[in-house]
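What follows is a single structure, written as structure tokens, with notes after it.
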Amino acid sequence: MSWVYIKDFKDHVGEEVTVKGWLYNKRKSGKIRFLIVRDGTGYVQCVMVKVELPEEEWSKFSDLTQESSLEVTGKIRAEKRAPGGYELDVNHIRIVQIAQDYPITPKEHGVDFLLERRHLWLRSSRQHLIMQVRNEIIKATRDYFYDNGFILIDTPLITGSIGETASTLFETEYYDFGTAFLAQTGQLYLEAACMAHGRVYGFGPSFRAEKSKTRRHLSEYWHVEGEVAFCDNDENIDIQEDYVCYLVLRVLDRCRSQLEGLERDISKLENITKPFHRFSYDDTIKMLQEMGSDIKWGEDLGGDDETILTEKYNKPIFVINYPAQAKAFYMKRHPDNPELVLCSDLLAPEGYGEIIGASQREDDYDLLIKRIREENLPEEAYGWYLDLRKYGSVPHSGFGLGIERTVTWICGLHHIREAIPFPRMLYRLYP
RNA sequence: UCCCCGAUAGCUCAGCUGGUAGAGCGGGUGGCUGUUAACCACCUUGUCGCAGGUUCGAGUCCUGCUCGGGGAGCCA
């Protein structure tokens with residue numbers, strides 16, 4: 001008997017096939033019984049009719065429990081009443097394993113209970129939809145960079161004491177070198193690689209040991225970083241805008257049913273088209289102050305600031321050229337105003353906040369080493385990074401996008417922890 | 001690290017000014033030939049997070065601790 005995935009049922013109507021999966025739920029009504037089976041590609045209702053089945057098959061219904069694994073053989077029938085359009089008339093059931101007391105019942109559960117059982121929670125329909133959208137966003141990312149001439153450069157996850165300044169690093173022992181760190185960005189290595197390939201990108205995990213307790217933070221998240229030689233801050237913003245539009249378009253094109261299943265307001269995503277809003281930091285502060293924020297010039301935007309700003313506009317917003325004091329050492333000074341750096345943050349709409357941080361990098365050797373010293377960074381660790389400014393330095397820019405924040409926004413999730421299969425957070429290392 | 005909130009049945013929660021613990025769901029049994037988180041009837045469920053204290057008496061009040069949630073800072 002041929003094994004058919006539920007998503008392919010439309011090509012096998014009238015045939016006798018086998019579905020291999022897990023029991024999602026069951027119902028009965030006297031002499032007719034229903035098994036809802038999922039196989040990873042969809043759900044199908046399997047119908048058992050007493051008068052058409054031998055007692056041996058009929059009685060298997062009582063043995064089956066939620067999430068028991070099974071193989072059901074039967075004939076596919078188009079059925080208007082079925083959510084997927086098809087049903088399976090059961091001839092034979094092979095029980096693979098009986099699940100005992102599956103903890104996640106089709107009822108309400110609390111966040112802690114579910115996170116403690118994340119390995120099982122992934123089977124739930126909503127989590128299943130989110131992972132499908134995440135998959136599409138990641139594939140779209142790879143396609144975008146590949147199709148636009150970027151070379152994939154995998155950067156090290158174990159590094160010496162090098163990176164951005166502000167965040168805390170996870171530490172680990174490394175042979176005779178003492179302490180090594182888990183990378184919080186691959187950017188500096190991508191800067192090296194873009195001097196070899198022109199246009200490069202990286203995609204991998206980043207680690208932040210910040211003790212953040214918010215719905216926007218993970219200790220381990222997946223980081224997309226692009227870096228382009230001979231690219232200034234404005235051209236860098238153009239690339240980000242193009243990339244984000246592409247991501248949204250791909251999800252709308254290929255994951256529309258998933259978005260509907262997640263009850264995402266799709267019209268809000270259809271609105272994500274070029275051009276995005278571009279506001280200078282100075283103008284942004286004025287706008288926020290007029291809207292009642294008590295933010296002062298020189299400060300980074302707070303969470304509330306991002307929310308009130310993005311809820312006012314229906315497209316993503318670039319906030320451009322922040323004060324140097326609020327940003328990292330490697331950002332290039334604004335040629336007309338030494339208080340500012342050439343950079344941008346991209347804020348997603350609907351209060352989802354920052355999804356990209358970007359800047360033009362400081363390409364002058366003397367200015368960069370001055371900044372490293374001002375920040376009290378270990379100069380010897382940055383020797384190779386400074387080399388890039390000695391041997392054919394060129395203007396270059398890049399950006400970093402958080403995949404989970406993007407998934408959270410595009411899926412319309414309440415919390416980032418649902419946007420990654422196994423979230424790592426301040427109080428969670430299990431499962 | 002700081003501020004706020006929470007912990008009671010397998011799950012989600014109620015339990016008032018202190019008087020020996022309750023609902024829905026789940027689970028079990030039975031009924032129903034089209035159910036959609038099915039429905040109906042009956043049955044089943046507790047170290048009230050931990051340790052002290054106040055009291056004749058504490059799920060309830062007080063102190064400490066543990067674990068978690070929301071937010072701040074920081075960032076993607």
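Bear in mind that the values here come from a model prediction, so they are computed numbers and not experimental data. Side chains are part of it too, since the values below use all heavy atoms of this structure and drop only hydrogens, waters and symmetry mates.
- As rounded to the nearest Å, B:C61 and B:C25 have C1' atoms that lie 33 Å from one another.
- Of the candidates B:C74, B:C25, B:A76, B:C74 carries the atom nearest the A:Arg216 side chain, counting heavy atoms from C-beta on.
- When distances are taken from the side chain of A:Arg77 to each of B:C11, B:G34, B:C32, the shortest belongs to B:G34.
- The separation between A:Tyr24 atom OH and B:A37 atom P is 9 Å, rounded to whole Å.
- Ion pair A:Asp232/A:Lys332 not flagged as a salt bridge, since none of the NZ, NE, NH1 or NH2 atoms sits closer than 4.0 Å to an Asp/Glu carboxylate oxygen.
- In this structure, OH of A:Tyr330 is placed 10 Å from C1' of B:C75, rounded to the nearest angstrom.
- The base of B:C11 has none of its N or O atoms less than 3.5 Å from a complementary donor or acceptor on the side chain of A:His109.
- In this structure, A:Asp345 reaches neither bases nor backbone, as no heavy-atom distance under 4.0 Å exists between it and the strands shown.
- Taking atom P in both B:U8 and B:G46, one finds a spacing of 15 Å when rounded to whole Å.
- With a 6.0 Å radius and a threshold of 12 heavy atoms from other residues, nucleotides or ligands, A:Glu263 has its CD atom at or below the threshold.
- Residue-level contact check: A:Thr105 touches the backbone only, with heavy atoms under 4.0 Å from sugar-phosphate atoms and none from bases.
- Nearest-nucleotide mapping onto RNA chain B: of A:Pro103 and A:Tyr221, the residue sitting toward the 5' end is A:Pro103.
- Comparing atom distances between the A:Leu115 side chain and each of B:G34, B:U33, B:G69 picks out B:G69 as nearest.
- Residue pairs satisfying the salt bridge (charged side-chain N to carboxylate O under 4.0 Å, His left out) criterion with at least one member in residues 302-311 of chain A, sequence neighbours excluded, are absent.
- Stem regions annotated for RNA chain B: B:1-7 with B:66-72, B:10-13 with B:22-25, B:26-31 with B:39-44, B:49-53 with B:61-65, counting only runs of 3 or more consecutive pairs of Watson-Crick or G-U type with both contacts under 3.5 Å.
- Within the 4.0 angstrom heavy-atom criterion, base atoms lie near A:Glu87.
- A straight line from CD of A:Gln66 to C1' of B:C11 spans 12 Å, rounded to a whole angstrom.
- As rounded to whole Å, 15 Å separates atom P of B:G27 from atom CD1 of A:Ile104.
- Set against B:U33, B:A76, B:G69, the side chain of A:Val49 has B:U33 as its closest nucleotide.
- Between A:Ser62 and A:Leu218, the residue anchored nearer the 5' end of RNA chain B, judged by the nucleotide with its closest heavy atom, is A:Ser62.
- Residue pairs meeting the ring pair (Phe, Tyr, Trp, His ring centres under 6.0 Å) criterion with at least one member in residues 61-96 of chain A: none, sequence neighbours excluded.
- Annotation: B:U44 and B:G22 have their P atoms spaced 13 Å apart (nearest Å).
- Nearest nucleotide to the A:Tyr427 side chain, out of B:U33, B:A76, B:G69: B:G69.
- Atom CZ in A:Arg208 sits about 14 Å away from atom P in B:C74, given to the nearest Å.
- Other residues, nucleotides and ligands contribute at most 12 non-hydrogen atoms within 6.0 Å of the NZ atom of A:Lys75.
- A sub-4.0 Å separation between OP1 or OP2 of B:G71 and a side-chain N or O of A:Lys213 is absent.
- Among the heavy atoms of the strands lying under 4.0 Å from A:Gln45 is at least one base atom, whether or not backbone atoms are also near.
- Rounded to a whole angstrom, the distance from the C1' atom of B:G68 to that of B:U33 is 48 Å.
- Residue contacts shown for A:Asn25 are limited to sugar-phosphate atoms, with no base heavy atom under 4.0 Å away.
- Atom NZ in A:Lys50 sits roughly 10 Å away from atom P in B:C32 (whole-Å rounding).
- For the OP1/OP2 pair of B:G70 and a distance below 4.0 Å, the side-chain nitrogens and oxygens of A:His415 include at least one atom meeting the criterion.
- Residue A:His223 has its side chain nearest to B:A76 when only B:G69, B:A37, B:A76 are considered.
- Every residue was checked against the salt bridge (charged side-chain N to carboxylate O under 4.0 Å, His left out) condition with A:Glu339, not counting sequence neighbours, and none meets it.
- Rounding to whole angstrom units, CG of residue A:Asp112 and C1' of B:C11 are separated by 13 Å.
- Electrostatic pairing of A:Asp234 and A:Arg278 does not count as a salt bridge here, judged by no charged N lying under 4.0 Å from a carboxylate O.
- Rounded to a whole angstrom, the distance from the C1' atom of B:U20 to that of B:C48 is 12 Å.
- Of all nucleotides listed (B:G69, B:A76, B:G34), B:G34 comes nearest to the side chain of A:Glu79.
- Between A:Arg417 and B:G70, a side-chain N or O to OP1/OP2 separation shorter than 4.0 Å is present.
- Salt bridge status for A:Glu241 with A:Lys274: absent, with no side-chain N to carboxylate O gap under 4.0 Å.
- Nearest to the side chain of A:Arg215, among B:G69, B:G70, B:U35, sits B:G70.
- Nucleotides B:G6 and B:G24 are separated by 26 Å at their P atoms, to the nearest Å.
- Applying the side chain to side chain donor-acceptor pair (under 3.5 Å) rule to A:Lys28 yields no partners; only residues at least two apart in sequence or on another chain are considered.
- For the C1' atoms, the distance from B:A7 to B:C43 is 30 Å, rounded to whole Å.
- Applying the ring pair (Phe, Tyr, Trp, His ring centres under 6.0 Å) test to residues at least two apart or on different chains, the pairs with a partner in residues 138-161 of chain A are A:Tyr144-A:Tyr243, A:Tyr144-A:Tyr246, A:Phe145-A:Phe150, A:Phe145-A:Tyr201, A:Phe145-A:Tyr243.
- Distance from the side chain of A:Phe113 is smallest to B:U12 among B:A76, B:U12, B:G70.
- Between A:Lys26 atom NZ and B:G26 atom C1' the separation is 13 Å, expressed in whole Å.
- Comparing B:U60 with B:C16, their P atoms are spaced 11 Å from each other, to the whole Å.
- The residues A:Asp89 and A:Arg77 are annotated as salt-bridged, a charged nitrogen and a carboxylate oxygen being separated by less than 4.0 angstrom.
- The base of B:C32 lies outside donor-acceptor range of the side chain of A:Arg33, with no N or O pair under 3.5 Å.
- Closest to the side chain of A:Val51, from the set B:U33, B:G68, B:U35, is B:U33.
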